[in-house]
Number of protein chains: 2
Amino acid sequence: MKTRDKIILASLELFNERGERNVTTNHIAAHLAISPGNLYYHFRNKSDIIYEIFLEYEKLVDYYLDIPEDRAMTAEDMMFYLESVFDGLWSYRFFHRDLEYLLDSDPRLRQDYREFTNRCLKAINRIFEKLAEAGIIEAQPEDLRTAMSLNVWLVVTNWMAFLKTAHAEETYANLTINELKQGIYQVLTLEVPYLTSGYRDRVLALREKYRPTLPDRNESETSG
Amino acid sequence: MKTRDKIILASLELFNERGERNVTTNHIAAHLAISPGNLYYHFRNKSDIIYEIFLEYEKLVDYYLDIPEDRAMTAEDMMFYLESVFDGLWSYRFFHRDLEYLLDSDPRLRQDYREFTNRCLKAINRIFEKLAEAGIIEAQPEDLRTAMSLNVWLVVTNWMAFLKTAHAEETYANLTINELKQGIYQVLTLEVPYLTSGYRDRVLALREKYRPTLPDRNESETSG
DNA sequence: GACTGGCTAGAGTATATACTCTAATAATAC
DNA sequence: GTATTATTAGAGTATATACTCTAGCCAGTC
């Protein structure tokens, strides 16, 4: 594997494990047993590494959210979208953690991320439309659908942050992809009131599989 | 005003403006025209300043979310809760930005914040209960109510982050409290499907007042 | 006036961090 | 082979940051 690719891979790994803020370029080089000079031969700066990682992330999610227009949507499709998106979130989980700082440090990233968000919102919107066409959820006016899509985006992209703050101990290390996917339960919660009678039980059953076993909720929960 | 209080105030101001990560203790001291030594006489470290600010924030929100149990809830009450909470978010807006890093650096803060979150979730839950008792929304099983409350929390606490990423330019400076309050529209969107026929139009009208005029959604709206 | 204790100044320190520079080595072209 | 280019090492730099240390000021008290 080329050094350049190794740098990207190691950076992603370290960022995910420790958070971007806690990983320096020297750490990355040390982790790979290469010199800082070598790293800076391949990347002009730290931002450039992050930008490359973003491009990969973007590509992955764009691929996941490519919605086929030649056929109706099924409940399985919907679940597959959710699973895929949460897989993506997991693989690039450092990204949403320090998002605001990252965007402040790189205008190019800010611009790209903004367009990326808009594409995702459109895709979510389209999924809702097709779910309605397929009779899985009730059709809703465009206004409402757009606002719903935005809420889905907010829940999806911030569920992980919530989980980490809800953990009692240092949580960066011990978060698992299974816990993360409990966010699917929360997303489906948004759909619940719109489900058609024909699909209601079906989707509720699917949703049930992701019911959160919330992290040490018990510890201070004795009141109530 | 005592130096200690001035430090807290100036820190909050600078954190909100520039983000905690971009504000050093030396900046704070310089801003107040006091010496670093003076600052460190009053606070053992930066974390302690942040913790003090959190305590204020916590107190404020706890006060806002104190739900009177001696009377029924009105739609106005609900709106007042929303307005208040978003005011609080605005005043301490730096906090949710670097939340994860802050919690990682201070176990005491992590623990307190976790309990704070649980209290807020319970309050939201109770608000939904009382809205149902008042006939404003349909009553829902506890499970669903809890999941809904969590979604409300996610939307409330992350709406600001979304706004900032949606902005095209450097956004930390030019975000306004009015834009922030458009998050109320998103929260009410979550309630829409549960509104009773008696209150539906009423609440939809209230919601309409907060409809987002989303920041340069179409590429570059001339800012002026 | 002398003493005390809270408060403050400001120079200074240890460490970290992003990044540079030069020279050496490996790979490739001719 | 030689010349050229791509890659790498590793010491080094400029700057920043959280925090310390010492000495002095000032308000109140005896």
Side-chain angles (χ1 to χ4, degrees), chain A residues 1-54 94-95 97-98 100-110 172, chain B residues 1-54 94-95 97-98 100-110 172:
Chain A
M1 188 187 284
K2 298 231 170 192
T3 303
R4 191 187 151 85
D5 295 329
K6 280 199 273 187
I7 293 171
I8 292 177
L9 216 65
S11 300
L12 176 57
E13 193 185 320
L14 292 175
F15 289 161
N16 278 340
E17 262 173 29
R18 304 181 204 166
E20 178 270 341
R21 187 170 179 172
N22 301 317
V23 175
T24 72
T25 48
N26 291 350
H27 287 145
I28 298 165
H31 185 77
L32 286 170
I34 67 173
S35 64
N38 194 353
L39 186 147
Y40 278 91
Y41 171 77
H42 291 283
F43 293 91
R44 276 197 8 259
N45 51 42
K46 197 181 172 187
S47 276
D48 273 11
I49 302 176
I50 292 164
Y51 185 67
E52 286 292 310
I53 295 177
F54 166 72
F94 87 94
F95 190 71
R97 183 184 189 193
D98 288 308
E100 289 183 49
Y101 177 82
L102 298 178
L103 299 192
D104 278 351
S105 334
D106 188 346
R108 187 181 42 165
L109 184 61
R110 170 177 293 280
Y172 219 73
Chain B
M1 188 188 281
K2 299 230 170 193
T3 304
R4 190 187 153 85
D5 295 330
K6 281 199 275 186
I7 293 171
I8 293 178
L9 216 65
S11 301
L12 176 58
E13 193 185 321
L14 292 175
F15 289 161
N16 277 340
E17 262 171 31
R18 305 181 203 167
E20 178 271 339
R21 187 171 179 173
N22 300 317
V23 175
T24 73
T25 49
N26 289 352
H27 287 145
I28 298 166
H31 185 77
L32 287 170
I34 67 173
S35 63
N38 195 352
L39 186 148
Y40 278 92
Y41 172 78
H42 291 283
F43 292 93
R44 277 199 4 260
N45 51 43
K46 195 180 173 187
S47 276
D48 273 11
I49 301 177
I50 293 163
Y51 186 67
E52 286 291 311
I53 296 178
F54 166 72
F94 87 94
F95 190 70
R97 183 186 190 193
D98 288 308
E100 289 183 49
Y101 177 82
L102 298 178
L103 299 191
D104 277 351
S105 335
D106 188 347
R108 188 181 42 164
L109 184 62
R110 171 177 292 279
Y172 219 73

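To find a chain, count down the sequence lines: A is the first, B the second, and so on, and within it residues start at 1. Values below: all heavy atoms of this structure, side chains included; hydrogens, waters and symmetry mates excluded.
- Of the possible polar contacts, one joining the B:H27 side chain to the B:T24 backbone as a donor-acceptor pair under 3.5 Å is found.
- B:T3 has its side chain within reach of B:I34: a pair of non-hydrogen atoms, C-beta onward, lies under 4.5 Å apart.
- Once rounded to the nearest 0.5 Å, the distance linking NZ of B:K46 with CG of B:N26 reads 10.5 Å.
- Nucleotides of DNA chain D lying under 4.0 Å from heavy atoms of chain A occupy a range whose first and last members, 5' to 3', are D:dA6 to D:dG10.
- Cation-pi geometry between A:R108 and A:Y51 is met: under 6.0 angstrom from the ring centre, within 45 degrees of the axis.
- One N or O on the side chain of A:N22 and one on the backbone of A:R18 form a donor-acceptor pair closer than 3.5 Å.
- Looking at B:D104 and A:R21, no side-chain N of the basic residue comes within less than 4.0 Å of a carboxylate O on the acidic one, giving no salt bridge.
- The heavy-atom pair separating B:I53 from B:L12 by the smallest distance is CD1-N, 3.8 Å.
- Contact check of residues 25-38 of chain A against DNA chain C (heavy atom, cut-off under 4.0 Å) returns A:T25, A:N26, A:P36, A:G37.
- Between B:F94 and B:F15, the angle of the ring planes lies from 30° to 60°, which puts this pair in the tilted group.
- Taking CD1 of B:I28 as the start and NZ of B:K6 as the end, the distance is 14.5 Å to the nearest 0.5 Å.
- Residues from residues 5-13 of chain A with heavy atoms under 4.0 angstrom of DNA chain D: there are none.
- Side-chain atoms of B:N38 and B:L32, non-hydrogen and from C-beta on, never get closer than 4.5 Å to each other.
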